[in-house]
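Here's the structure, in structure tokens; my notes come after.
The sequence lines fix the lettering, A, B, ..., with proteins before strands; numbering per chain opens at 1.
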Amino acid sequence: MRETYDFKAIEKKWRERWAEAEAFRVSEDADGEKYYLLEMFPYPSGKIHMGHVRNYAIGDVAARFLKMRGRNVLHPMGWDAFGLPAENAAIKNGIHPNRWTSEHITAMREQLELMGFAYDWGREVATCDPAYYRWTQWIFVQFFKRGLAYKKKNPVNWCPSCETVLANEQVADGLCERCGTPVGKRELEQWYLKITDYAERLLADLEGLTDWPSKVKTMQKNWIGKSVGAEADFPIVGFDRDLRIFTTRPDTLYGVTYMVLAPEHPYVRPLVAGGVYEASVDAFLEKLQYLSDIDRSATTLEKEGLFIGRYAVNPMNGKEVPIYIANYVLMDYGTGAIMAVPAHDTRDFDFATKYGLEIIPVVDPGDGTDLEHMTESFVAEGTMINSGPFDGLGNREAGERIAAHLEQNGLGQKSVNYRLRDWLISRQRYWGTPIPMVFCPVCGWVPEKEENLPVLLPTDVEFTGKGESPLTTSKSFRETVCPACGGPAEREIDTMDTFLDSSWYYLRYTDARNTDEIFAKGRADYWMGVDQYIGGVEHAILHLLYARFFNKFLYDIGHSPVREPFTRLLTQGMVLKDGTKMSKTLGNVVSPEDLVERFGADTVRLFILFASPPEKELEWSDTGVEGSYRFLNRVYRLVAGLREVTRDAPDRYEAVTEDADKELSFAMHAAIKKVGDDIGGRFNFNTAISAIMEFVNALYRYKGAAANPALLKAAERNLILLLSPFTPHLCEELWAETGHTGFVYDEQWPTYDADVLARDTVEIVVQINGKVKEKLRVSGGLGTDDLIAAVNREKRVRTLIAGKEVIRVIGVPNKLVNIVVKGN
RNA sequence: GCCGGAGUGGCGGAAUUGGCAGACGCAUCGGACUUAAAAUCCGGCGAUCCGUAAGGGUCAUACCGGUUCGACCCCGGUCUCCGGCACCA
């Protein structure tokens, strides 16, 4: 064994051996209960960053650990390979996106392999591969066949920089989530997926995800945004149609003092046409047109509105109230119209105050609030007033009864609304999955025949970065024949949002090479669901919601075997430098490659797992990395130094009797227990590593004592096993150097002996009035009474309580005795 | 504004069920080894007070209060920071 830890030679050697042996291939036939461990696959940018390293190191330790615990672990990797950067490179440098992407995949795969991650590369997928996107298209066709994919003309979010439309989910604060450009509106005919049909299930099934962070569940819940209430029809004076509104507060119907329509509401024009209000309404609408989406949606924006000269009739009491249009009512939620109850809604209160509108309280908080002169709206629970037959009821019950009254009298009905909108999936880009639809002048929109899939991306396109989808420039692509009638027809030229590609990849991994079907049912049945999914919290809403939606759909049509795809979810924290996110613009990026070059992959893996628990943010520390490197050297030297003693020692050790031996034996079993519990339970890798460090420290202390070679040999062996999931290259080397054959990865995880951990004597704490005064050694395992008796016998304790009145004594076995005394 | 989460030494962080606060590591200081340095090994290291010393006292987990024999942990309130949503009727 060499004197020093030559990580370069060691890591290269074991990488090659693993690859040769295809050590990480798995199949359904292997022994052991299956475990599907998945990390979110990366976009092939060409370079891995610390976030990737952290994400995949967490997964890799878990995978290796579970494998050693006897599980049949599926741990695949692939590429979320469609997307804008490749296309932008094509526009800028004339490289075809396909070449750009495959080169970047190759580069990144090498970097991942350099880290020593145990993937089954035989299942690698790339979403831009026709063998993959064929099935993305197939899923789209299934959606279409069941009426869940439709094309609709609508004002859509348009990013002028990316030159494409965006889903609502991809607009943050009115800015494009990708590039930060303010998003505008365009009227376009686009494809949508009816995710709203799944809103209720996506919401309800969150309940069952007990091993998901509550934070993520809350975010999804808020995003789906379920509101329970009622719709009601308000007749409009002198108009032939009723105005339908949605409210979550039917209890406040008697407090309605005006109505508000969204400016885009279809009734607005007919209601003002030819009248004196037409000109001012036009002016108001024009002004709104010029407002960008950000300004329009800002909460800080002053509420503005306009009376349109019409009145509506309250269906409950016949009261006539004025109709307004205002910038704070949205067309695409509810019915695009509201009843305004300023007494019990903050927004309505603001508006009413500004325009001098009537305020009628109908819910009394019952705390003496002066309802005649309200200074703010009252939105909490209370007792009904000014509400005819409903006076005196609790407002909650009144709401139920009023909603029932509406329903019975044909004035409205109970209703549920979701904030979730249908998913706009058309993108006017080249580098994505073609939408497999054909427009026939006779048959309308027809899906491509399933046997003709995939609809391949054409190669004869120009990348100008302007205007419509680059697919329009292809001579061959657009013209086709109708799959239904065989007549001349045109292909859809938009491609899919890349989020569709990543919404089902976890299913494809179960049978990644299948050319006949999306995946064999038996294989998905065996592997699904994903037992542990790991990724960044930035995907808490979009990716995870879409993936759940796709899986539910595939479940409904008999393909996915599970209702929820991801049983357990871990969202890892960001890697920070100097308290902020690493970014090129800030120039604080630490390159994994450089660090691997200087310290080796094992050191980087160890540090990134040791510095912080996985779900927390991790502050990067260069000196901390050096510390991890020192530790691995220390381990290497320790094992090298022990060889002399352990080489010829027996494999089993007899019961230990010497004190020093007992200490080491205890340290060993304690480490086995702690490391196993910490990895197996809550993924507390940082404390697991601490425990290994303590074990190493104990071994260094022991080395000087009269050594028991057989015990040392066992300790050496267990140390290597415990450390191996974290620093696999080093441990394979040490495993081989200590005379073992085969991969340490294939070994059994060690077990501990509970009897060793139950020590003969334990140190217990003696407290007086809750303050630690003394520490004593007593026999282990004493019951409460025996413990107290033992403590009472101690001279030192009797001195402590001499002359004091003992009121009470509390004993906690193996821990402490607290003596409560009076006086000092 | 609403909804989450978090506040512990110089720093990253431990404390698994209410039971020794600060494990482990980083930084730093001291010692050994060395001609010397690096590396390595050993040791000190929350604050403060008393004591020459051995040793002992007091305070301390953002802040205020409560429950309890005992609180970083549970309860009520306040502050700060981070994240998500944001005119969704």
Side-chain angles (χ1 to χ4, degrees), chain A residues 4 172-173 213-223 225-227 229 245-249 252 260 262 296-303 326-330 332-341 344-348 350-351 417-421 537-538 540-541 573-574 606-607 610-613 615-628 630-631 633-634 637 674 677-678 681-682 684 686-694 696-697 700-701 703-704 763-775 807-812 814-821:
Chain A
T4 55
D173 295 326
S214 54
K215 177 187 176 175
V216 173
K217 286 191 282 188
T218 309
M219 281 164 72
Q220 293 217 350
K221 212 171 179 171
N222 292 341
W223 192 264
K226 181 179 182 177
S227 293
I245 58 93
F246 170 73
T247 180
T248 53
R249 295 290 305 274
T252 62
V260 189
R296 174 81 193 268
S297 65
T299 328
T300 47
L301 182 71
E302 173 114 19
K303 289 180 181 43
N327 59 355
Y328 76 100
V329 174
L330 309 171
D332 60 352
Y333 183 77
T335 63
I338 63 159
M339 62 178 215
V341 187
H344 305 293
D345 182 280
T346 46
R347 294 152 305 179
D348 297 345
D350 289 350
F351 191 82
N417 260 283
Y418 300 91
R419 290 183 41 195
L420 185 70
R421 311 292 150 88
V537 73
E538 66 273 18
I541 299 176
M574 275 196 304
L606 186 73
F607 171 72
F610 177 58
S612 191
E615 64 280 1
K616 264 188 89 163
E617 294 183 335
L618 182 151
E619 174 66 31
W620 189 261
S621 155
D622 290 333
T623 52
V625 180
E626 285 169 34
S628 292
R630 273 202 297 271
F631 172 72
N633 275 285
R634 194 167 146 85
R637 279 193 308 273
K674 175 116 180 95
D677 289 354
D678 283 356
R682 302 186 296 167
N684 287 345
N686 54 333
T687 50
I689 294 167
S690 303
I692 298 172
M693 287 173 169
E694 286 180 75
V696 169
N697 290 343
Y700 267 88
R701 275 196 302 275
K703 253 192 348 174
E763 188 180 67
I764 63 131
V765 166
V766 180
Q767 297 179 334
I768 306 288
N769 291 345
K771 295 208 170 192
V772 180
K773 292 290 173 184
E774 199 60 71
K775 291 175 185 180
I807 296 168
R808 195 175 159 190
V809 183
I810 292 114
V812 182
N814 294 332
K815 287 229 167 85
L816 60 75
V817 169
N818 186 16
I819 303 167
V820 185
V821 302

Indicate whether OP1 or OP2 belonging to [N] is found under 4.0 Å from a side-chain N or O atom of [X].
X: A:Arg634; N: B:C42; result: yes
X: A:Arg630; N: B:G25; result: no
X: A:Ser621; N: B:C11; result: no
X: A:Asn697; N: B:C42; result: no
X: A:Asn769; N: B:G70; result: no

Open item on the list: Tell me whether the side-chain N or O atoms of A:Lys674 pair up with the base of B:U16 as donor and acceptor below 3.5 Å, since no angle test is needed here.
Closed with: yes

TODO: Return yes if the base of B:C69 and the side-chain atoms of A:Asn818 contain a donor-acceptor N/O pair under 3.5 Å, otherwise no.
DONE: yes

TODO: Check the pair A:Glu615, A:Val537 against side chain to side chain contact (heavy atoms under 4.5 Å, CB included), reporting the backbone distance first and the verdict last.
DONE: CA-CA 9 Å; A:Glu615 64 280 1; A:Val537 73; over 6 Å; no

TODO: Using whole Å, report how far CZ of A:Arg701 lies from P of B:C42.
DONE: 9 Å

Open item on the list: Measure CD1/A:Ile764 against P/B:G70 and give the value in whole Å, please.
Closed with: 19 Å

Task: Distance-only side-chain donor-acceptor flag, A:Ser227 / A:Asn417, under 3.5 Å - done: no

Task: Watson-Crick or G-U counterpart of B:G65, or none if no pair lies under 3.5 Å - done: B:C75

Task: Identified pairing partner of B:U48, criterion: Watson-Crick or G-U wobble below 3.5 Å - done: B:G57

Counting any heavy atom closer than 4.0 Å, what does [X] reach on the DNA or RNA strands: base, sugar-phosphate only, or nothing?
X: A:Gly627; answer: sugar-phosphate
X: A:Glu626; answer: nothing
X: A:Lys221; answer: nothing
X: A:Asn633; answer: nothing

- [ ] For A:Glu619 and for A:Val812, locate the closest nucleotide of RNA chain B by heavy-atom distance; then report the residue assigned to the nucleotide nearer the 5' terminus.
- [x] A:Glu619

Task: Closest-nucleotide ordering on RNA chain B, the 5'-leading residue of A:Lys771 and A:Val765 - done: A:Val765

Open item on the list: Go through it in stages, so that I can follow the logic: the residues are A:Trp620 and A:Phe607, the test is ring-ring contact (aromatic ring centres under 6.0 Å, His included), and I'd like the CA-CA distance, side-chain angles, deciding distance and then a yes or no.
Closed with: CA-CA 9 Å; A:Trp620 189 261; A:Phe607 171 72; 5.0 Å; yes

Task: A:Tyr700 six-ring face occupied by A:Arg634 cation (under 6.0 Å, within 45°) - done: yes

TODO: Would you kindly check if the NZ (Lys) or CZ (Arg) of A:Lys303 is within the cone defined by 45 degrees around the ring axis of A:Tyr328 and under 6.0 Å from the six-membered ring centre?
DONE: yes

